[in-house]
Amino acid sequence: MPLVKMKDILSYAEENQYGVGAFSVANVEMVIGAVRAAEELRSPLILQIAEVRLKHSPLHLIGPVMVAAAKKATVPVAVHFDHGLTEEKIREALEIGFSSIMYDGSHLPLEKNITETKKMAAIARNYGATVEAEIGQVGGSEDGSVDLEVLITSTEEAKRFTAETEIDALAIAIGNAHGLYKGEPKLRFDRLEEINREVDIPLVLHGGSGISKKDFRTSIHHGIRKINVATSTFHSVVNTVNEAAPFKDYFSYQEVVIVAVVENVKRHMEMFQSVGRVKEENVYV
C-alpha cells in the first residue's frame, strides 16, 4: 500500500465523525505493535515521533522503519513528524518520506508563529505533505522536561491563524496537557465548540494520555479528528515488562513489548471510534 497522507485520513474521519489515533513510537517493537493493532481492528493509523524524542530514537534510524511499516500495512497509515521545532529536522523527515509534519510555534507570539508556520508549510508542500500547526499552548512538554502552563486557544486567533497559514490541521489547547495529568482533566468543550464553528479544518487534541472515554467522545463530537497518544503507551510497555520479568531470552521480552503496545493502541482506537473504518485496502468508511 502506498504511504497515505494524513490529510486524507482526517478527511474521511471528518466525513464520518470519528477520531484517529496518532501514536508516538520509539523503536521497531512499538512500530510493529501499532500497525498490528490497526490491522487487527481495521482502523486507519497515524505513526508519529516528536523532535524532542530524537535523542533517544535518531530520525535517520526510526524514520525509515516507520515509513517502511506504513507502506507494508494493509490499512491506511500516515507517518507524521510531531512537534517539529527546527527546519533542519523537518526537512530530514520529509526527505525520509514522512507524509505529514507539525511545526510547533505555539511558544512564539502570534505574528511570529504565523510567519514561521507559513515558511515550514511551504517547505512541506513541496513534498506533498500534510501540515499541522498549533496555537495556544498545551500544558506540559512533549518529553516531560518542562511544566508549561496551559494557554487556552483564542477562537479569533485560531480563525486568523488558519486563514493566513492555510494549514491542513490545527492543534488547540482546551485544558489538555502532555504527559500524565496531575488531576482529572477539565477540558473546555465550550471553547472547542466555538473554534470548530469558526475553523474549517480538522482539529487536533494533544495530550491524549489520561483523558476519559466520555471526554474523548465529546471532543470528537465537537470536531477533534486527530488525537495524540504517547505517555500511556510508554507506561503500558514499562508496566507490562515489569510484570512479566524476568525473561529467559530477548525474543520473549520483545514480544511482550509488542503486545503491550497492541493492547494500548487497540484500547484507544475503540474509544476514538475508528474501529472497522477500513473495509479493504485503502477503502475507508
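Owing to the predicted nature of the structure, the values given are computational and were not obtained by experimental measurement.
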Any link between [X] and [Y] through a network of hydrophobic side chains (Ile, Leu, Val, Met, Phe, Trp, Tyr) touching at under 4.5 Å?
X      : Y      : answer
Val28  : Val259 : no
Val238 : Met30  : no
Leu10  : Met102 : no
Val131 : Leu110 : yes
Val241 : Val262 : yes

Problem - Passing option when Leu47 is tested against Val77, Asp82, Val65 for side-chain contact (heavy atoms from CB on, under 4.5 Å) - result: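 Looking at Val77, Asp82, Val65, the match for Leu47 under the side-chain contact (heavy atoms from CB on, under 4.5 Å) is Val77.
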Exercise for the section: Could you point out which residue of Glu40, Glu39, Arg277 forms a side-chain contact (heavy atoms from CB on, under 4.5 Å) with Val75? Expected result: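 Running side-chain contact (heavy atoms from CB on, under 4.5 Å) over Glu40, Glu39, Arg277 with Val75 returns exactly one hit, Glu39.
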Testing the basics here: between [X] and [Y], what is the closest heavy-atom pair and its distance to 0.1 Å?
X      : Y      : result
Ala171 : Glu132 : CB-OE2, 3.6 Å
Ser43  : Ser274 : OG-OG, 2.7 Å
Ala37  : Lys266 : CB-CG, 3.5 Å
Thr153 : Ala173 : OG1-N, 2.8 Å
Ile9   : Leu45  : CD1-O, 3.6 Å
Thr162 : Val199 : CG2-CG1, 3.8 Å

Practice task
Could you tell me whether His107 atom NE2 has more than 12 heavy atoms of other residues or ligands within 6.0 Å of it?
Solution key: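 Yes, the 6.0 Å shell around NE2 holds more than 12 heavy atoms from other groups.
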Handout entry: Exceeds 12 heavy-atom contacts within 6.0 angstrom, atom CG of Asp200
Key =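 Count not over threshold, so no.
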Exercise for the section: Could you give me the CA-CA distance, side-chain angles and deciding distance for Glu87 and Tyr103, then say whether side chain to side chain donor-acceptor pair (under 3.5 Å) is met? Expected result: CA-CA 9 Å; Glu87 181 179 337; Tyr103 171 66; over 6 Å; no
With a 4.5 Å limit on heavy-atom distance, are the side chains of [X] and [Y] in contact?
X      : Y      : value
Asp8   : Pro76  : no
Phe98  : Ile49  : yes
His83  : Val52  : no
Leu203 : Ile195 : yes
Val261 : Glu29  : no
Glu51  : Thr86  : yes
Ile174 : Leu205 : yes
Val20  : Phe272 : no

Between the side chain of [X] and the main-chain N/O of [Y], is any donor-acceptor distance below 3.5 Å?
X      : Y      : result
Asn239 : His235 : yes
Gln17  : Glu14  : yes
Asn113 : Gly105 : yes
Ser99  : Val79  : yes
Ser57  : Ala26  : yes
Thr130 : Lys7   : yes

Calculate, to the nearest 0.5 Å, the distance between atoms [atom1] and [atom2] belonging to [X] and [Y] respectively.
X      : Y      : atom1 : atom2 : value
Arg225 : Asn16  : CZ    : CG    : 9.5 Å
Ile172 : Glu134 : CD1   : CD    : 10.0 Å
Phe161 : Ile135 : CZ    : CD1   : 5.5 Å
Arg191 : Asn196 : CZ    : CG    : 13.5 Å
Met66  : Leu59  : CE    : CG    : 8.5 Å
Asp215 : Lys186 : CG    : NZ    : 9.5 Å

Practice task
Give a yes or no on whether a salt bridge exists between Glu92 and Lys89, defined as a side-chain N under 4.0 angstrom from a carboxylate O.
Solution key: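 A salt bridge is present here (some side-chain N lies under 4.0 Å from a carboxylate O).
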Practice task
Before accepting this row, confirm whether a basic side-chain N of the pair Glu194/Arg197 lies closer than 4.0 Å to the acidic partner's carboxylate O.
Solution key: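 Judged by the 4.0 Å cut-off on N to carboxylate O distance, Glu194 and Arg197 do not form a salt bridge.
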Practice task
Decide side-chain contact (heavy atoms from CB on, under 4.5 Å) for Ile90 and Tyr127; before the verdict, give the C-alpha distance in whole Å, the side-chain angles of both, and the deciding distance to 0.1 Å.
Solution key: CA-CA 11 Å; Ile90 287 173; Tyr127 292 83; over 6 Å; no
Practice task
Walk me through it: do Glu111 and Lys118 pass the test salt bridge (Lys or Arg N to Asp or Glu O under 4.0 Å)?
Solution key: CA-CA 11 Å; Glu111 297 289 347; Lys118 289 171 71 174; over 6 Å; no
Do we see a donor-acceptor contact under 3.5 Å between the side chains of [X] and [Y]?
X      : Y      : answer
Glu198 : Thr155 : no
Ser236 : Glu263 : no
Arg42  : Thr74  : yes
Asn264 : Thr233 : yes

Handout entry: Verdict with reasoning, Thr117 to Ile167, per side-chain contact (heavy atoms from CB on, under 4.5 Å)
Key = CA-CA 8 Å; Thr117 298; Ile167 56 173; 3.7 Å; yes
Exercise for the section: Quick one: sort the Phe189 and His222 rings into parallel, tilted or perpendicular, breaks at 30° and 60°. Expected result: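 Tilted: the ring planes of Phe189 and His222 meet at 30° to 60°.
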